[in-house]
J.: 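Here it is, the structure, as structure tokens.
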Amino acid sequence: MALKMVKGSIDRMFDKNLQDLVRGIRNHKEDEAKYISQCIDEIKQELKQDNIAVKANAVCKLTYLQMLGYDISWAAFNIIEVMSASKFTFKRIGYLAASQSFHEGTDVIMLTTNQIRKDLSSPSQYDTGVALTGLSCFVTPDLARDLANDIMTLMSHTKPYIRKKAVLIMYKVFLKYPESLRPAFPRLKEKLEDPDPGVQSAAVNVICELARRNPKNYLSLAPLFFKLMTSSTNNWVLIKIIKLFGALTPLEPRLGKKLIEPLTNLIHSTSAMSLLYECVNTVIAVLISLSSGMPNHSASIQLCVQKLRILIEDSDQNLKYLGLLAMSKILKTHPKSVQSHKDLILQCLDDKDESIRLRALDLLYGMVSKKNLMEIVKKLMTHVDKAEGTTYRDELLTKIIDICSQSNYQYITNFEWYISILVELTRLEGTRHGHLIAAQMLDVAIRVKAIRKFAVSQMSALLDSAHLLASSTQRNGICEVLYAAAWICGEFSEHLQEPHHTLEAMLRPRVTTLPGHIQAVYVQNVVKLYASILQQKEQAGEAEGAQAVTQLMVDRLPQFVQSADLEVQERASCILQLVKHIQKLQAKDVPVAEEVSALFAGELNPVAPKAQKKVPVPEGLDLDAWINEPLSDSESEDERPRAVFHEEEQRRPKHRPSEADEEELARRREARKQEQANNPFYIKSSPSPQKRYQDTPGVEHIPVVQIDLSVPLKVPGLPMSDQYVKLEEERRHRQKLEKDKRRKKRKEKEKKGKRRHSSLPTESDEDIAPAQQVDIVTEEMPENALPSDEDDKDPNDPYRALDIDLDKPLADSEKLPIQKHRNTETSKSPEKDVPMVEKKSKKPKKKEKKHKQKERDKEKKKEKEKKAEDLDFWLSTTPPPAPAPTPAPVPSTDECEDAKTEVQGEEDDAEGQDQDKKSPKPKKKQHRKEKEERTKGKKKSKKQPPGSEEAAGEPVQNGAPEEEQLPPESSYSLLAENSYVKMTCDIRGSLQEDSQVTVAIVLENRSSSILKGMELSVLDSLNARMARPQGSSVHDGVPVPFQLPPGVSNEAQYVFTIQSIVMAQKLKGTLSFIAKNDEGATHEKLDFRLHFSCSSYLITTPCYSDAFAKLLESGDLSMSSIKVDGIRMSFQNLLAKICFHHHFSVVERVDSCASMYSRSIQGHHVCLLVKKGENSVSVDGKCSDSTLLSNLLEEMKATLAKC
Amino acid sequence: MIQAILVFNNHGKPRLVRFYQRFPEEIQQQIVRETFHLVLKRDDNICNFLEGGSLIGGSDYKLIYRHYATLYFVFCVDSSESELGILDLIQVFVETLDKCFENVCELDLIFHMDKVHYILQEVVMGGMVLETNMNEIVAQIEAQNRLEKSEGQVLG
């Protein structure tokens, strides 16, 4: 063995460490891969050795190789081995490797649960820290579920270092195990007011992340955050809070009103740019939420815009970028304020930094008006020419189109100009946005009737130059415009000047090199063109000309028939046959033009893209009903489809009208007829609503200026848009002159009459009448279309699971799973449903559950109302005397049960729990609330008659509803008190640490001073020691991790290590603190004696009767008994008392006899047999340690004697 | 949330790769390469924000980076983080490295990748900012180094 050890360490000396590996890789630049594979082989050898140091070294090297891209998942088990090393040095290496390489798919990850749990409760804070850090990277749903409770305990750890890590990791736990959110939330909330800034910051961080995804659930925290915002000086925390408010304000505009002032103050006072920027951002969010129906906050807007201007003008590119980013948010609601900074933004378009140019582009969208659109687009067009990168150029292209097409071409006054811009854009080579340009061309040509003639002439020019497009940029985006060009020329062929020429252009052989879908459009539109040419020729009586065109078609169409694209081929052969037939008719001198053009009669209306989706489900059609009943051969299969359709079932009622009476049905039938009448496929006689729309006088009287088409337009590639800019300017000038004339006339009239203030001739946007009007503003929609615009949410969104109502009180079923001891799990019992007495018998028996549930429902309602009113009150603008009624920090305890109590408030007093220390507080709260209600003059919900509050607050007896009731009890016992402070404590053992107990001390400030600098010093005994922070001596006091404002109480927890638990013992201690009030500060002291009773070493552990019987039979337990006389209490309550004070659980109860079980932190079994006589109780006990048993029985005797 | 923290040198060699979302190793390398190319073509005097590479996240994500001598420090973050805050955080991280390594240079990062990770772990945990106070970070690192040293002596 020794030899092996020596050998191990010698081996180690020759092993490569990380540095050697890195050096080696650097020295093998040529054959790196080979060298590394060699190293991996060595590592594999090292991992086989027993020496943990060697293993750790190997794992460390693997972590490095992982960074270089090597998969190290094969070593997962070795990593776990290193994680479980006892030395911090190795443990850290193991956890690092795990955090880099483990993920949900790692199968060995489940082996880590116990190791991590052990590390989490390690006495060394760095072991715990390293485990938390590692876990944060690879936590899985299973790990989250199993460890949630342990981590929650750590949130109240004495060390801030651990607290902040535990708080932070909770977010990851929530994500993986959403059920933990509600039980853990009260404590998380409490950590918002942790004395340590790091912990506070972590809590803010977590809540901000949560609230970002589901803001409405966190509105009730607004007062607390508001207080933090006004008190905190940590910029990091402030930024987070302010960002959070930005997410909350859209939900509650009143909150925004409240925020404006402090935020404005911050903007004025802060020197930190990051904070300033976030403040401005949130003010913007507030203003957006307020924008409807609020007195204008022009001062705030002005302030924001001003500050942003400073940012944008700054030489720091980062600030410039962010300034523009924020500016674009203002733009949405207050475009006017931004527009005044147009100069600055246009300047940014010339910035050398692409990110900044892109941001400036975003802003342009809102800067345009009818007046400046042409100018801005012209500028952008020059940028398009200059731009080097295709991405930036494409971005420019889409922006130009966005800007021009926004809100139904609102700002375009001259569509000829726009079409020529689009044509110019087609010269861009290598753009990916050909389809965008095409879509715009189609849209404009269809919807702006007046422009069709011009559009057709431009498009035919484009088609003519098609060889240019097709040859140089084959099969990339820009040829898409030919799709639009061909369609427009075909559809509106009556406007073509030289249709024959265009027809030839479209039948060129080069066309066959275009993508299939474009060729298909070509083929189709060639026929339309052909039809219109035929018509022309026949009307002119040129029969020969008509035959020549037919011949051209017959000659050229075969090239499409040979196409590899099915669509093209099919259409072409179809049309070829048609044309051949026409040729035959023409040969017989039969006029055909009429019939051929009838093929394309009528006009197509634009249909809204969503129209299909919005067609309502017809009456009597149940899409979810089975057409054939599903086969139900096995149950498991039967359940599956149900789960699949679960969502639909929920959604269906929305779509389907609930109940329809006869009248309704008739009305709908009528509507459907109407709809059919409007459907293009049914259309026969009645004009579509769109056509009717054109007849409205509003459109008619808009002046349509005839454009002089003598300008040569047919040369593509010539920048023509400039000409239209000029033309448009002239037109506007003419318009203005006319207007001025009119005005002058009016003025003259006025001069003659009364003298009035002459308004300055300002030219506003509205004055410019557009040259053409967008005719079809609304696209066709099916009648009865549902207005709902709901986007279906992604059901896989991980954050959706966290959309949980946090104000609702916790239910029993929501407790976090708590690690149960193995013994109980192995002792298999046939009756699975034996009530597991998990916690100090607080859990209600089954039959009482119903009753309790009712009570709870009532409470829930009340709670909710209260919460809402709290927030309402805080938000109301009536002058509040104390504006932020922050929820008083409630003492936390070790178990989630108590977390529950905090939410449930008063109800828990009733449950006979540890609440008497709290009892004055809820009352106070209630009192205050009543006052608030009075001031507000708001009536309380009528559901509850006056006094019901008291009734509901009455104790609900947990143990015995039918019998006399126990007074509320608390496991917290008084430790010491004076005029300043009251100390109560509760001692709890934990199974995870075999000789440790946690002492939870609640400190309540009874004075009017602030208590701070609190320190607890305890005199250790030989048997019991307090766990102190590393490096502090036995005589040092341990600081209490919080301060106490007047009237507030909070809980601190300390861990004690106990050597022997068989006897009770007492420790002397002193609490020293500084009480500070207006007059000054004084040092104060309070002595106390901590009493560790034997019962406090017991842990309530459930036990099944069969396991219990085995235990008794085993015979290694010693026995003792006591008897107490003069007991009048019911047996039920008696048992409850024993359970509560001495941490036992009832195994079985028969009449007036019960067996009970408990277990000590060091693993002693304690079994009791309790019998009740007439006026007495006898307790027989069996325990693996006789001293412990007799001490326990003594304690029990004392308890029972009080009954 | 911080999605990833990447440190690489002027030639794109990774010096620290820390993802807070699972990606297979080859994708990680691809992301590093892509990020490197995005960052490389940017001058030093233009802004430090870049709207996402195609591989991580989407429109909600930003790359925020700083360039120090031979190294790029790149943080990929979502919209819940303050841009300027993250820039400060990078500065804190680098200053901490400087303090812990005494005049940090690329070689320190090359040979002590593990230590760099340990330092980072005190700044960012699981993608969330843990501590921004440099003194606190350095104190915790030093305490852990002392602990390691004391174990080493026992071992020796």
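Numbers restart at 1 for each chain; the letters A, B, ... are given by sequence-line order, proteins then strands. No experiment lies behind these values; they were computed from the predicted model shown. What's counted below: heavy atoms across the whole structure, side chains too, no hydrogens, waters or symmetry copies.
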J.: Does any backbone or side-chain atom of A/K320 lie under 4.5 Å from a heavy atom of chain B? Answer side chain, backbone, both or neither.
T.: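 Neither part.
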J.: Do A/Q100 side-chain atoms and B/V17 backbone N/O form a donor-acceptor pair below 3.5 Å?
T.: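 Confirmed, A/Q100 side chain pairs with B/V17 backbone.
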J.: Give, as side chain, backbone, both or neither, the part of A/T63 having an atom under 4.5 angstrom from any heavy atom of chain B.
T.: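 Its backbone and side chain both get close to chain B.
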J.: Report which part of A/L325 has an atom under 4.5 Å of a heavy atom belonging to chain B: side chain, backbone, both, or neither.
T.: side chain
J.: Which atoms of A/Y321 are under 4.5 Å from chain B, going by heavy atoms: the side chain, the backbone, both sets, or neither?
T.: side chain
J.: Heavy-atom cut-off 4.5 Å, strictly under: side chain, backbone, both or neither for A/Q66 against chain B?
T.: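 A/Q66 touches chain B through backbone and side-chain heavy atoms alike.
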J.: Side-chain contact test, heavy atoms from C-beta onward, threshold under 4.5 Å: evaluate it for B/E122 versus A/T133 and give yes or no.
T.: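 SC-SC contact between B/E122 and A/T133 ruled out.
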J.: Can you name the nearest heavy-atom pair linking A/Y126 to B/A143, along with the distance?
T.: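 Taking A/Y126 first and B/A143 second, the nearest heavy atoms are OH-CB, 3.1 Å.
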J.: Would you confirm whether A/D353, through its side chain, and B/I46, through its main-chain N or O, come within 3.5 Å as a donor-acceptor pair?
T.: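 Judged by distance alone, no pair lies under 3.5 Å.
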J.: Please look at A/L275 and chain B and tell me whether the side chain, the backbone, both or neither of the residue comes under 4.5 angstrom of a heavy atom of that chain.
T.: neither
J.: Which bit of A/Y70 comes within less than 4.5 Å of chain B, counting heavy atoms only: side chain, backbone, both or neither?
T.: backbone
J.: Pick one of side chain, backbone, both or neither for A/S315, based on which atoms fall under 4.5 Å of a heavy atom in chain B.
T.: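 No part of A/S315 comes within 4.5 Å of chain B.
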J.: Determine, for B/E131 against A/K164, whether the closest basic-nitrogen to carboxylate-oxygen distance falls under 4.0 angstrom.
T.: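 Salt bridge present between B/E131 and A/K164.
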J.: Could you tell me which portion of A/Q19 (side chain, backbone, both or neither) has an atom closer than 4.5 angstrom to a non-hydrogen atom of chain B?
T.: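 For A/Q19, backbone and side chain are both near chain B.
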J.: Let me know if A/L18 has heavy atoms under 4.5 Å from chain B in its side chain, its backbone, both or neither.
T.: side chain
J.: Measure B/L107 against the heavy atoms of chain A and call it side chain, backbone, both or neither at under 4.5 Å.
T.: side chain
J.: Kindly indicate, with the supporting measurements, whether the criterion salt bridge (charged side-chain N to carboxylate O under 4.0 Å, His left out) is fulfilled by A/R212 and B/D78.
T.: CA-CA 11 Å; A/R212 203 163 72 90; B/D78 66 14; 2.9 Å; yes
J.: Whether the side chain of A/K243 engages the backbone of B/S79 through a donor-acceptor N/O pair (distance < 3.5 Å, no angle test) should be reported.
T.: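 Yes, A/K243 side chain to B/S79 backbone: donor-acceptor pair under 3.5 Å.
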J.: Identify whether the distance between the nearest side-chain nitrogen and carboxylate oxygen of A/R92 and B/E148 falls below 4.0 Å.
T.: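 A salt bridge is present here (some side-chain N lies under 4.0 Å from a carboxylate O).
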J.: Under 4.5 Å heavy-atom distance to chain B, tell me which part of A/R26 shows up: side chain, backbone, both or neither.
T.: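 Just its side chain gets close to chain B.
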J.: So for B/S80, is it side chain, backbone, both, or neither that comes closer than 4.5 Å to the heavy atoms of chain A?
T.: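 Backbone plus side chain of B/S80, per the 4.5 Å heavy-atom cut-off to chain A.
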J.: So, do B/N48 and A/Q317 sit near enough that their side-chain heavy atoms are less than 4.5 Å apart?
T.: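 A side-chain contact under 4.5 Å is absent here.
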